[in-house]
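Naming convention: chains lettered A, B, ... in sequence-line order (proteins, then strands); numbering from 1 in each chain.
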2 protein chains.
Amino acid sequence: MTATDDESDSVRIPLNRDRVLGAAVSIADSDGIDAVTMRRVGQELGVEAMSLYNHVANKDDLLDGMVETIVDEVIEMVATQDPPETPDDWKRAARDRILSAREVMLAHPWAPAVIETRTDMTPELVRYFDGLLGILLAGGMTFDLGHHAMHALGSRALGFSQRLFVPDDAHESSGSEVREMEIEFPNLAGMLTAVSHDGGEPVLGWCDDQTEFTFGLDLILDGLDLLRAAATR
Amino acid sequence: MTATDDESDSVRIPLNRDRVLGAAVSIADSDGIDAVTMRRVGQELGVEAMSLYNHVANKDDLLDGMVETIVDEVIEMVATQDPPETPDDWKRAARDRILSAREVMLAHPWAPAVIETRTDMTPELVRYFDGLLGILLAGGMTFDLGHHAMHALGSRALGFSQRLFVPDDAHESSGSEVREMEIEFPNLAGMLTAVSHDGGEPVLGWCDDQTEFTFGLDLILDGLDLLRAAATR
DNA sequence: ACCTGAACACCGTTCAAGT
DNA sequence: ACCTGAACACCGTTCAAGT
């Protein structure tokens, strides 16, 4: 073995799976998931697209790996958090975990959609859910209630929920459009004018995502806590 | 105008937007959303792919139209249902509406994923949400609570929720794998053995989707009802 | 063992040409 | 006004060939 064979001395860093996944994640972060093509990932690494196939099986495997990377980030972030100290502390612990996951998802806006398309659970995903379920069980939930709880949380467990009211930024609502909306959609029109007093403009898309996320999360956690208390009492 | 110019007498049905959307929906229903390509839709209609551009602006517009079609189906189904008779009846009415939407989504399994990718609200989607919000308001919710409620329901309002525990049908869990899982994922392993007594096998994917959906839905509706009652009391 | 170049079978979409 | 054929710029992926 010569000095030039030593990896640490070599100038060109050898390609490996992690570097491929890292490049893909960074492209998705900056340019969106559609920009993640095999050719583009290769280009980012100074290599032809075909070389990637030595480190990932195919595009699907690349996407699996990207999810893996993001969930690892969540797991690492969550590892430092306090476990529930008493059974009654379960809600706080679950809430902290889920809000941390949400922070990671906000940093990788493409991740939720990709996670949803994955047909297989990655081991990292299973590990995260196992930890969250552990908190529910520590709160005194039965296996059965814990199971229902995981389903009820759904994707909220990972810090995201699909928002159907998407902001329509380009849409400036003129006076006549508002009038028109009042006739066709009276309830939404009323809601928009009633709730938009606090600094926002009367358009769809004015909602505070963080507020709405925690409202929905607490609604579910509070409901689960009632069921838990009823069963353990 | 001659007899052959008359549309009703003509043997070849003229192409139009609705026929294009109908063909696309039927392809997606039978072969999945990935099978919906411009060439395939054209083929189904006995026409070249390029002809479709006379009736839809592009692929994105085609997908918008497909969503339009499915949401119309929901709206039609929901039109026959009883509105809430008393304020206290709001929960029943909302529940019925959402479970009807769910039936439509189950008939078009590709629809939820496509709906989530749409950036703009279609008018049909707005109409559906306006109707649902109307039920909440009829129950005596404030605009503010109604607004939170719509967000808390999220995609459940349209009858679907993203299931993160996807069934892994191909995965037969051998004895050694179960043993391995018990070490790495003790909580999930415990849950699976505890809850799977009722006829199912101890694998991910044994869950009754309908049961879990209604559990989560009722959890949210019950929580909202408490908030509503507290505010109107 | 890893990387490359050329090629293949697909996409969505354009454009000039037909009727 | 509507449809077509050929073409273009992209995809993911294969395969034989290089080192």
Any donor-acceptor N/O pair, Arg127(B) side chain to Glu184(A) backbone, under 3.5 Å: no
Could you give the [atom1]-to-[atom2] distance, from [X] to [N], as a whole number of Å?
X        : N       : atom1 : atom2 : result
Gln43(B) : dG12(C) : CD    : P     : 13 Å
Asn16(B) : dA1(D)  : CG    : P     : 17 Å
Asn54(A) : dT4(C)  : CG    : P     : 10 Å
Glu48(A) : dT4(C)  : CD    : P     : 5 Å
Leu52(B) : dC3(D)  : CG    : P     : 9 Å
Leu62(A) : dC11(D) : CG    : C1'   : 14 Å

Flag the pair [X] / [Y] as yes when at least one side-chain heavy-atom distance between them is below 4.5 Å, and no otherwise.
X        : Y        : result
Thr69(A) : Asp72(A) : no
Leu21(B) : His55(B) : no
Arg19(A) : Asn16(A) : yes

For a quick check under 3.5 Å, do His108(B) and Asp29(B) share a side-chain donor-acceptor pair by atom type? yes
From the options dC3(C), dC3(D), dT4(D), select the nucleotide whose nearest atom is closest to the side chain of Val47(A). dC3(C)
Between Phe213(A) and Arg102(A), is there a cation-pi geometry (under 6.0 Å to ring centre, at most 45° from the normal)? yes
Are any protein N/O atoms closer than 3.5 Å to N/O atoms in nucleotides 13-19 of chain D? If there are, list each pair with its distance.
from	atom 1	to	atom 2	distance (Å)
dT13(D)	OP2	Tyr53(A)	OH	3.0
dT13(D)	OP2	Lys59(A)	N	2.8
dT13(D)	O5'	Tyr53(A)	OH	3.4

Report, as yes or no, whether the 6.0 Å neighbourhood of atom CD on Gln210(B) holds more than 12 heavy atoms from other residues, nucleotides or ligands. yes
Note: contacts of residues 26-35 of chain A with DNA chain C (heavy atom, under 4.0 Å) are none
Check whether any side-chain N or O of Ser51(B) sits under 4.0 Å from OP1 or OP2 of dC2(D), and answer yes or no. no
Does a side-chain N-to-carboxylate-O contact under 4.0 Å join Arg17(A) and Glu68(A)? yes
How close do Phe215(A) and Ala149(B) get, heavy atom to heavy atom, and via which atoms? CE2-N, 4.4 Å
Counting only Watson-Crick pairs (N1-N3 plus N6-O4 or O6-N4) and G-U wobbles (N1-O2, O6-N3), all under 3.5 Å, who is the partner of dA16(C)? dT4(D)
